[in-house]
2 protein chains.
Amino acid sequence: MSTETTIGEKLRELRESKELPLRKVSALLDIDVAILSKMERGERKLTKGIVLKLAEIYGHNADELLVLFLSDKIMYEIQDEDLGEKALKVAEQRVKYLKASKKK
Amino acid sequence: MSTETTIGEKLRELRESKELPLRKVSALLDIDVAILSKMERGERKLTKGIVLKLAEIYGHNADELLVLFLSDKIMYEIQDEDLGEKALKVAEQRVKYLKASKKK
DNA sequence: CTAAATTTGACAATTATTGTCAATGTGAAA
DNA sequence: TTTCACATTGACAATAATTGTCAAATTTAG
């Protein structure tokens, strides 16, 4: 499940599957074509807003893209860290703890 | 397992358990006392280097502190995100995938 | 009270990120 | 080759974020 792809690569795949040129998509997003090019190749950071707009443009499930987007940011934080996996597990515990203590 | 504490709070606890004033510790770290104060309270970002030095100063297990430090950074990325937990799981998969494909 | 410890806020200096643009590179068509 | 659309690259200034430094204010312990 989306384990071998970055959000940028995924967005490029989606764009190409729709046969849309960067030029058109960047116009819809109202950003420079160079920036979108770099975002797809991971050279510039994506924002949540851009990801959501692209989900809309490509007619693709937004949550799936957001999860990939967030996990990319997480991966960036733990890159090359031996303790990354442990840190992820601790973070999971903490998320669960927060959920539990946040009464609905 | 360290689910209710930030790295800053943990470092403050350690310092207080050793009865060391900020003044002395910040001198050992060669940083301003104000910065260390803010780091302990989460108002300024800690660095890996500072965490390691503090582990040394307090004679505390460095890995445990690093895991907490990294998980803090992860938590920061997914704060308030409904999809945070899913993103963590995907990140775990990806870490495992990377480990597997990186032949030793 | 007083003295040490800590916190707070303001500020300039540094560093990072951003958008913009032009030049360059790539590939397909003919 | 020439042309054309598409994409990439790098340089640059503008903007924003982070940093260290300091002094004043506040809190805490005696």
Side-chain angles (χ1 to χ4, degrees), chain A residues 5-54 56-58 60 65-66 68-81, chain B residues 5-54 56-58 60 65-66 68-81:
Chain A
T5 313
T6 64
I7 177 65
E9 288 166 13
K10 178 72 183 178
L11 290 172
R12 169 146 297 188
E13 281 169 18
L14 283 171
R15 181 175 61 78
E16 290 178 340
S17 76
K18 305 285 177 184
E19 307 207 34
L20 289 166
L22 282 175
R23 179 177 51 76
K24 286 194 180 175
V25 177
S26 67
L28 290 172
L29 293 172
D30 194 33
I31 64 174
D32 193 286
V33 87
I35 292 181
L36 186 56
S37 168
K38 286 169 185 169
M39 284 174 167
E40 285 185 349
R41 284 170 303 106
E43 216 180 298
R44 288 257 174 142
K45 283 174 189 163
L46 280 153
T47 65
K48 188 178 174 180
I50 296 275
V51 172
L52 289 175
K53 282 184 192 166
L54 289 173
E56 179 80 21
I57 290 169
Y58 301 144
H60 195 273
L65 296 181
L66 279 181
L68 200 49
F69 166 68
L70 289 173
S71 77
D72 260 31
K73 298 211 293 180
I74 293 167
M75 294 299 282
Y76 180 80
E77 293 300 329
I78 61 175
Q79 61 182 174
D80 308 321
E81 291 286 350
Chain B
T5 313
T6 64
I7 177 66
E9 288 166 14
K10 179 71 182 179
L11 290 172
R12 169 146 298 189
E13 282 168 19
L14 282 172
R15 181 174 60 78
E16 290 179 341
S17 77
K18 305 285 177 184
E19 309 206 34
L20 289 167
L22 282 176
R23 179 178 49 78
K24 284 195 181 175
V25 176
S26 66
L28 290 173
L29 292 171
D30 194 32
I31 63 175
D32 193 287
V33 88
I35 292 181
L36 185 56
S37 168
K38 286 169 184 169
M39 284 174 166
E40 284 185 349
R41 285 171 302 107
E43 217 180 297
R44 289 258 173 142
K45 284 174 189 162
L46 280 154
T47 65
K48 189 178 175 181
I50 296 275
V51 172
L52 289 175
K53 282 184 192 168
L54 288 173
E56 179 80 20
I57 290 169
Y58 301 145
H60 194 275
L65 296 182
L66 279 181
L68 200 49
F69 166 68
L70 289 173
S71 77
D72 260 32
K73 298 210 294 179
I74 292 168
M75 295 299 281
Y76 180 79
E77 294 299 330
I78 62 174
Q79 64 182 172
D80 308 321
E81 293 286 349

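Note on naming: letters A, B, ... go to the chains in the order of the sequence lines (proteins, then strands), and numbering restarts at 1 for each one.
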Q: Can you tell me if CD on B:Glu56 sees more than 12 non-hydrogen neighbours from other groups inside 6.0 Å?
A: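 No, not enclosed.
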Q: Could you tell me whether the side chain of B:Leu11 reaches within less than 4.5 Å of the side chain of B:Ile50, counting heavy atoms only?
A: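 The answer is no, as the side chains (C-beta and beyond) never meet within the 4.5 Å cut-off.
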Q: Specify the separation, in whole Å, of atom CG of A:Asp30 and atom C1' of C:dT18.
A: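 Spelled out: CG on A:Asp30 to C1' on C:dT18 is 15 Å.
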Q: Quick one, B:Leu70 and A:Glu77 - any side-chain contact, counting heavy atoms below 4.5 Å?
A: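 No, every pair of side-chain atoms sits at 4.5 Å or beyond.
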Q: Mind listing the residues from residues 13-23 of chain A sitting with a heavy atom below 4.0 Å of DNA chain D? Number order is fine.
A: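 Within this stretch, A:Arg15, A:Pro21, A:Leu22, A:Arg23 sit under 4.0 Å of the strand.
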Q: For a 4.5 angstrom cut-off between non-hydrogen side-chain atoms, does B:Leu29 reach B:Leu36?
A: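 Yes, close enough: below the 4.5 Å cut-off.
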Q: For B:Glu9, does the CD atom have more than 12 heavy-atom neighbours from other residues, nucleotides or ligands under 6.0 Å away?
A: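 Counting other residues, nucleotides and ligands, CD of B:Glu9 exceeds 12 neighbours.
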Q: Rounded to whole angstrom units, what separation is found between the CD1 atom of A:Ile31 and the P atom of C:dC21?
A: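 Spelled out: CD1 on A:Ile31 to P on C:dC21 is 14 Å.
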Q: Sort out for me which residue in A:Ile35, A:Val33, A:Leu28 forms a side chain to side chain contact (heavy atoms under 4.5 Å, CB included) with A:Ile31.
A: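 For A:Ile31, the side chain to side chain contact (heavy atoms under 4.5 Å, CB included) test succeeds with only one of A:Ile35, A:Val33, A:Leu28, which is A:Ile35.
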Q: Does atom CD of A:Gln79 have more than 12 heavy-atom neighbours, drawn from other residues, nucleotides or ligands, at distances under 6.0 Å?
A: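 Yes, CD of A:Gln79 has more than 12 neighbouring heavy atoms, counting only those of other groups under 6.0 Å.
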Q: Can you give me the first and the last nucleotide of DNA chain D (5' to 3') that has an atom within less than 4.0 angstrom of a non-hydrogen atom in chain A?
A: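 Span of nucleotides near chain A: D:dC6 to D:dG10.
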Q: Please list, in numerical order, the residues of residues 32-42 of chain B that have a heavy atom closer than 4.0 Å to any atom of DNA chain D.
A: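 B:Asp32, B:Ala34, B:Ile35, in order of number.
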Q: Are B:Lys18 and B:Ile57 packed together at the side-chain level, in the sense that at least one heavy-atom pair is separated by less than 4.5 angstrom?
A: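 No; the side chains remain at least 4.5 Å from each other.
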Q: Do B:Val51 and B:Met39 come within less than 4.5 Å of each other through their side chains, counting heavy atoms only?
A: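 No - every pair of side-chain heavy atoms lies 4.5 Å or more apart.
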Q: Within this structure, what is the OG1-CD distance for the pair B:Thr6 and B:Glu40, rounded to the nearest 0.5 Å?
A: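 Reported to 0.5 Å precision, the distance equals 10.0 Å.
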